[in-house]
Amino acid sequence: MEIKKYITENEPKMLEDLFSLIRIPSISAKPEYHDDMLACAKRWAQLLLEAGADEALVMPSKGNPIVFGQKIVDPDAKTVLVYAHYDVMPAEPLELWKSDPFEPEIRDGHIWARGADDDKGQSFIQVKAFEYLVRNGLLQTNVKFIFEGEEEIGSPSLESFCQEHKELLKADVILVSDTSMLGADLPSLTTGLRGLAYWEIEVTGPNRDLHSGHFGGAVANPINTLCSMLAQVIDEDGRITIPHFYDDVEEVPAEEREMIAHIPFDEKKYMEAIGVKALKGEKGYSTLERNSCRPSFDVCGIWGGYTGEGSKTVLPSKAYAKVSCRLVPHQNHEKISQLFVDYFTRLAPEYVQVKVTPMHGGEGYVCPITLPAYKAAEKGFTEAFGKKPLAVRRGGSIPIISDFEQILGIKTVLMGFGLESDAIHSPNENFSLDIFRKGIEAVVAFHKAYGTM
């Protein structure tokens, strides 16, 4: 049966199965949803078996369970390992949703619900493409699935799971649908991700909160000091001042910069969409280069003193900040983390004490566009969307992707179908039904092409 006809005839059942997953509030960030994590893993295992997997197991990890499934058509054939995650972000603020986040609705040609895109909708594309190939005797590749339940909290258990099960996860390439395209009519393949380093800072001044009238002007204010120190981390040209920070930064090749320059991008609309009148970043680079293939430093949160209703004239004892760096390939997040700790501690004047605590981090990733699996994905997009996808680097981070390469020794193809308008991690997350259908077609075409390479 032709794939378009298969989707049309089976779509009601497909959507009901997807909705059965979405209705499970698998929120990894909140311990009270522990039972829902297990329920979602079990439901995924059941759906993998129904789709044609030879086996589907709910396996223990140090944290939430991991779903593993596989179908081996020929021990000598290529093997594709499909990675996805079944956990979702919290839905708050609930009052901003137009419908119940865990009761999916179809409106205006979109599925509206938490997880509709990230990542239940996108991972469902992979499984339904697999199902079509199995039922029609077209599958020429072995397919393995690994679905985790902790991606939204940094995948703390997945690395050790992969170390312990290297043989089980052995494959030729990893296929991931957890990224986005440039537009509904502008298909693209993500070829690079930035890494991440994250810290929490504590600045202590006096041994207690002080009266700002009695002590202001004579005792250093930790919040003022923290702001002054943070301002020194980026210079006037937008470059990060941490010594040796750029030692391992790979300059983007001229050919790739030229390709980036040809990506359709309306800077005026970009600014209007986020409500700013001007943009700011590293001197000598375009906006698309700055937010994808150059490193960055950001204060993610800052607090201290009195923040309640009304006023309180206090000189606070402590100030805090959470800060992060987006890193580029070849920058080791642990090395960068220590460089920042050493540098920021040295910036501290003698009238305060500074404590910098490293949090989570991960490496960047680059997929060569010459990779056979990339070429197969390119063909898949071309068949489904009617045009060759652009190769783009993305500014976000999926740290487990670089871990896969280091542990399993294989590359990952990031074949994502999301859009910026899907509002992942935000109220009113949604996913286009048209793209859902085209995504299935694209993955089917990928397997057909890769299986004959």
Side-chain angles (χ1 to χ4, degrees), residues 159 173-174 176 178-180 182 188-199 233-263 265 279-298 323-343 358 360-375 377-378 389-416:
E159 182 179 349
V173 71
I174 299 170
V176 177
D178 191 21
T179 49
S180 58
L182 291 171
S188 55
L189 274 161
T190 298
T191 58
L193 296 166
R194 290 194 288 188
L196 176 71
Y198 201 105
W199 307 266
V233 179
I234 301 178
D235 67 16
E236 292 183 358
D237 290 332
R239 285 184 61 91
I240 296 163
T241 59
I242 302 168
H244 303 291
F245 181 86
Y246 289 94
D247 285 2
D248 300 319
V249 171
E250 178 187 51
E251 288 294 328
V252 181
E255 297 85 0
E256 188 168 355
R257 293 191 73 177
E258 181 69 18
M259 184 171 61
I260 293 171
H262 283 87
I263 293 174
F265 177 66
L279 299 175
K280 191 176 188 304
E282 187 180 1
K283 186 177 180 180
Y285 295 91
S286 68
T287 298
L288 289 182
E289 289 171 333
R290 290 169 179 167
N291 67 13
S292 65
C293 50
R294 295 297 296 171
S296 64
F297 174 82
D298 286 289
V323 302
S324 71
C325 276
R326 295 290 175 168
L327 310 175
V328 295
H330 308 303
Q331 282 187 294
N332 179 277
H333 75 96
E334 292 178 341
K335 177 182 176 181
I336 295 297
S337 185
Q338 190 59 50
L339 286 175
F340 177 77
V341 171
D342 294 343
Y343 175 60
H360 62 278
E363 307 301 299
Y365 174 75
V366 172
C367 174
I369 61 176
T370 56
L371 196 73
Y374 177 87
K375 293 296 184 183
E378 195 174 58
L390 293 167
V392 297
R393 293 199 189 190
R394 293 292 185 178
S397 305
I398 310 178
I400 193 61
I401 300 301
S402 60
D403 291 341
F404 280 147
E405 184 171 11
Q406 293 170 26
I407 298 167
L408 303 177
I410 47 179
K411 284 287 188 179
T412 296
V413 172
L414 297 158
M415 196 175 182

Side-chain heavy-atom pair [X], [Y] within 4.5 angstrom cut-off:
X	Y	result
Val252	Tyr285	no
Pro329	Glu363	no
Leu196	Leu327	no
Ile260	Phe265	no
His333	Ile336	no

Distance-only, no hydrogens or angles: does the [X] side chain make a donor-acceptor pair with backbone N or O of [Y] under 3.5 Å?
X	Y	value
Glu289	Ser286	yes
Arg194	Gly364	no
Thr190	Arg393	no
Ser292	Arg394	no
Ser188	Val392	no

Locate the shortest heavy-atom distance separating [X] from [Y]; write the atom from each residue and the value.
X	Y	result
Lys411	Pro368	CE-CD, 3.8 Å
Ile369	Tyr374	O-CD2, 3.2 Å
Pro295	Val249	CG-CG2, 4.3 Å
Ala373	Val413	CB-CG2, 3.7 Å

State whether a side-chain donor-acceptor pair under 3.5 Å links [X] with [Y].
X	Y	answer
Trp199	Ser324	no
Tyr343	Thr241	yes
Arg326	Ser397	yes

- Take the angle between the ring planes of His360 and Tyr198 and call it parallel below 30°, perpendicular above 60°, tilted in between. parallel
- Message: Under the criterion side chain to side chain contact (heavy atoms under 4.5 Å, CB included), I'd like the reasoning laid out for Leu189 against Leu414: C-alpha separation, chi angles, the key distance, then a yes or no.
- Response: CA-CA 6 Å; Leu189 274 161; Leu414 297 158; over 6 Å; no
- Flag the pair Glu282 and Arg239 as a salt bridge only when some basic side-chain nitrogen lies within less than 4.0 angstrom of an acidic carboxylate oxygen. yes
- Message: If the threshold is 4.0 Å, N to carboxylate O, is there a salt bridge linking Asp248 and Lys335?
- Response: yes
- Could you please spell out the steps behind the salt bridge (charged side-chain N to carboxylate O under 4.0 Å, His left out) verdict for Arg294 and Glu250? CA-CA 9 Å; Arg294 295 297 296 171; Glu250 178 187 51; over 6 Å; no
